[in-house]
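Here the structure comes first, spelled out in structure tokens, and everything after it is commentary.
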2 protein chains.
Amino acid sequence: MSMTHTQSRFNSTLTSQCQNCSLSALCLPIALADEDINRLDQIIERKKPLKKGEFLFRQGDTFDSVYAVRSGTLKTFNITSVGEEQITGFYCPSELVGLSGIDSNVYPVSAKALETTTVCEIPFSHLEELSSQIPSLKHQIFKVMSRKISDDQQMMVLLGKKNADEKVASFLLNLSNRFKKRGYSASSFRLSMSRGEIGNYLGLAVETVSRVITRFQKNELIHVDGKEIEIVDFPEMQKLVGVASDCGKIANI
Amino acid sequence: MSMTHTQSRFNSTLTSQCQNCSLSALCLPIALADEDINRLDQIIERKKPLKKGEFLFRQGDTFDSVYAVRSGTLKTFNITSVGEEQITGFYCPSELVGLSGIDSNVYPVSAKALETTTVCEIPFSHLEELSSQIPSLKHQIFKVMSRKISDDQQMMVLLGKKNADEKVASFLLNLSNRFKKRGYSASSFRLSMSRGEIGNYLGLAVETVSRVITRFQKNELIHVDGKEIEIVDFPEMQKLVGVASDCGKIANI
DNA sequence: GTCATTTGCTGACCCAGATCAAGAATTCTC
DNA sequence: GAGAATTCTTGATCTGGGTCAGCAAATGAC
């Protein structure tokens with residue numbers, strides 16, 4: 001295993017990579033003993049960056065690893081029978097991609113970089129093996145997958161029941177929460193995806209996304225400058241999403 | 001544990017319940033050694049039947065078990081901020097309900113019986129413990145959760161991209177596949193959910209569901225008698241869903 | 001059995017958001 | 001940095017499916 005590790009790995013002497021990684025509290029947010037973190041670190045490969053538009057894996061590829069995003073953004077998508085792309089998710093730093101491949105041993109979606117993106121590759125067979133020895137790691141994997149299931153179900157609610165305004169507001173607040181969780185500004189961030197990709201994801205036409213965003217800006221809910229977004233009126237946005245402000249799960253998508 | 005087992009458990013002498021269960025190949029379709037199946041069997045509680053409309057668990061209840069449906073049907077749903085119900089899934093015999101509760105230790109949805117329904121309760125802490133000792137069981141749980149993730153993502157595609165005809169056709173073929181998998185007729189079955197529940201699930205108004213079903217019948221794609229459905233023209237239905245007939249994953253929802 | 005309630009069907013109308021079109025602003029590329 | 005290509009915005013128009021309404025059929029309660 002260690003032979004496949006990249007340069008940076010050899011530079012670190014005694015310290016573990018995972019331990020130093022600013023995402024360690026998020027990627028598999030576990031209360032692991034140092035010794036366990038080291039063992040996890042051993043199986044992880046740090047891959048060279050993907051450039052915008054490059055694939056991490058393609059629908060139909062043999063599944064062997066899950067990936068943690070370290071920097072940048074990925075999208076996952078299906079190609080439908082009529083050849084159009086359907087985006088099923090965006091992945092920000094600290095998030096895990098590829099879990100849906102475990103069942104069939106084949107990735108059921110493609111994953112593509114929206115900008116320059118680096119990932120950690122976590123060979124699944126090794127992770128599974130290690131999870132037998134570290135119960136808290138196993139529990140953590142169950143939790144991450146369970147979380148994905150409930151998040152996706154919230155997304156189903158969004159697609160099935162919400163109108164265009166609610167969809168876009170949910171999307172922006174969801175991104176905001178994810179940035180906040182990793183220590184970035186919750187109110188001001190950059191969209192790494194195009195309007196077209198947002199529309200595709202939310203089940204809306206590009207034009208509708210554009211119009212809604214313009215209207216939000218006109219009503220001073222947000223401030224927009226190209227891909228830069230600033231959320232100005234959180235309470236009003238949350239009202240649109242339809243979530244009580246005291247609710248822990250704000251703007252779930 | 002064994003103290004909580006019901007009557008039927010004591011009637012069985014040496015044979016395991018899970019071993020005899022006709023769903024064993026589906027519920028956690030594992031190549032478990034007899035000994036392992038017995039151990040799994042030990043932790044499972046067979047609950048008394050739920051009557052139509054009764055809850056298995058409610059949104060917000062503390063999570064402690066997942067449930068395998070033995071007979072009947074369940075639906076899971078959220079209550080939205082405006083008080084309306086959003087159905088996130090239907091569960092047929094052999095399917096597992098409750099996996100989304102692992103992450104937060106609370107069920108994020110409610111589960112309600114659509115008809116008289118029996119389930120096996122699988123206390124999750126015991127299952128997790130046992131999975132440490134039986135790697136193939138652990139792998140199986142990963143697979144079941146992974147499958148749920150990719151199924152839900154197909155559902156997202158359906159909600160985001162398909163029109164009313166495609167949604168209803170996908171729904172019917174998906175049910176057909178699930179019945180077929182458990183050994184029942186793929187072409188002829190009974191819908192345990194109302195038109196309203198189908199519409200809710202598919203993001204359609206009741207009237208639309210009703211009209212589409214009527215039209216399918218008029219065009220001789222299906223034959224309908226109340227809740228009884230017979231799929232007459234599979235190829236045409238699959239064409240509607242937009243899946244090549246040689247594709248393994250037909251009519252994925 | 002009878003009455004009440006829920007569930008399903010169908011027609012008439014309407015609107016949110018899709019589609020079409022055409023410029024404006026960005027972003028690639030060399 | 002000029003030109004090409006893509007992405008974004010905005011307006012005009014169209015339509016799939018939602019809403020409303022009224023009746024029929026099935027199911028439940030007593």
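No experiment lies behind these values; they were computed from the predicted model shown.
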Rounded distance in Å - [atom1] ([X]) to [atom2] ([N]):
{"X": "B/L202", "N": "D/dG16", "atom1": "CG", "atom2": "C1'", "answer": "16 Å"}
{"X": "A/I229", "N": "D/dC8", "atom1": "CD1", "atom2": "P", "answer": "11 Å"}
{"X": "A/K162", "N": "D/dG18", "atom1": "NZ", "atom2": "P", "answer": "18 Å"}

> Should the heavy atoms of other residues, nucleotides or ligands under 6.0 Å from NZ of B/K227 be counted, would the total exceed 12?
Replying inline: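 For B/K227, atom NZ is crowded (more than 12 foreign heavy atoms under 6.0 Å).
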>> Tell me whether A/F234 at atom CZ has more than 12 heavy atoms from other residues, nucleotides or ligands lying less than 6.0 Å away.
In response: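 Counting neighbours around CZ of A/F234, more than 12 heavy atoms of other residues, nucleotides or ligands fall under 6.0 Å, so yes.
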>> Based on the rotation axes of five pairs at each end, what angle does the helix from C/dG1-D/dC30 to C/dC30-D/dG1 bend through, to 10°?
In response: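 Result, rounded to 10 degrees: 70°.
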>> The criterion is salt bridge (Lys or Arg N to Asp or Glu O under 4.0 Å); which residues satisfy it with B/E236, sequence neighbours excluded?
In response: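 Checked B/E236 against salt bridge (Lys or Arg N to Asp or Glu O under 4.0 Å); matches are B/K239.
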> Taking the nucleotide of DNA chain D with the closest heavy atom to each, which residue, B/V206 or A/V224, is nearer the 5' end?
Replying inline: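 Between the two, 5'-proximity favours A/V224.
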> Which part of the nucleic acid, if any, lies within reach of A/G226 when heavy atoms closer than 4.0 Å are counted: base, sugar-phosphate only, or nothing?
Replying inline: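 Nothing: the residue A/G226, judged by heavy atoms under 4.0 Å, touches no strand.
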> With sequence neighbours left out, which residue pairs that include part of residues 186-209 of chain A fulfil the salt bridge (Lys or Arg N to Asp or Glu O under 4.0 Å) condition?
Replying inline: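 Checked against salt bridge (Lys or Arg N to Asp or Glu O under 4.0 Å) - neighbours excluded - the pairs reaching residues 186-209 of chain A are A/K75-A/E197, A/R190-A/E228.
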>> Please list, in numerical order, the residues of residues 72-80 of chain B that have a heavy atom closer than 4.0 Å to any atom of DNA chain D.
In response: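 Contacting residues: none.
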Would you tabulate the pairs of protein nitrogen or oxygen atoms and nucleotide nitrogen or oxygen atoms of nucleotides 20-29 of chain D closer than 3.5 angstrom?
from   : atom 1 : to     : atom 2 : distance (Å)
D/dC20 : N4     : B/E207 : OE2    : 3.1

> Looking at the side chain of A/A205, which of C/dC9, C/dT19, D/dC8 is the nearest nucleotide?
Replying inline: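 Looking only at heavy atoms from C-beta outward on A/A205, the closest nucleotide is C/dT19.
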>> Taking the minimum atom-to-atom distance to the side chain of A/S194, which one of C/dA18, D/dT7, D/dG18 wins?
In response: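 So the nucleotide nearest the side chain must be D/dT7.
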>> I'd like to check the side-chain hydrogen bond (donor to acceptor under 3.5 Å, both in side chains) partners of A/R58; sequence neighbours left out, ordered by chain and number.
In response: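 A/R58: no side-chain hydrogen bond (donor to acceptor under 3.5 Å, both in side chains) contacts found.
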>> Using the rule side chain to side chain contact (heavy atoms under 4.5 Å, CB included), only one of A/N163, A/I198, A/D165, A/L204 pairs with A/V212; which is it?
In response: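 Result: among A/N163, A/I198, A/D165, A/L204, A/D165 is the only option passing the side chain to side chain contact (heavy atoms under 4.5 Å, CB included) with A/V212.
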>> With a 6.0 Å cut-off on the ring centroids, do A/F90 and A/Y201 count as close?
In response: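 Yes.
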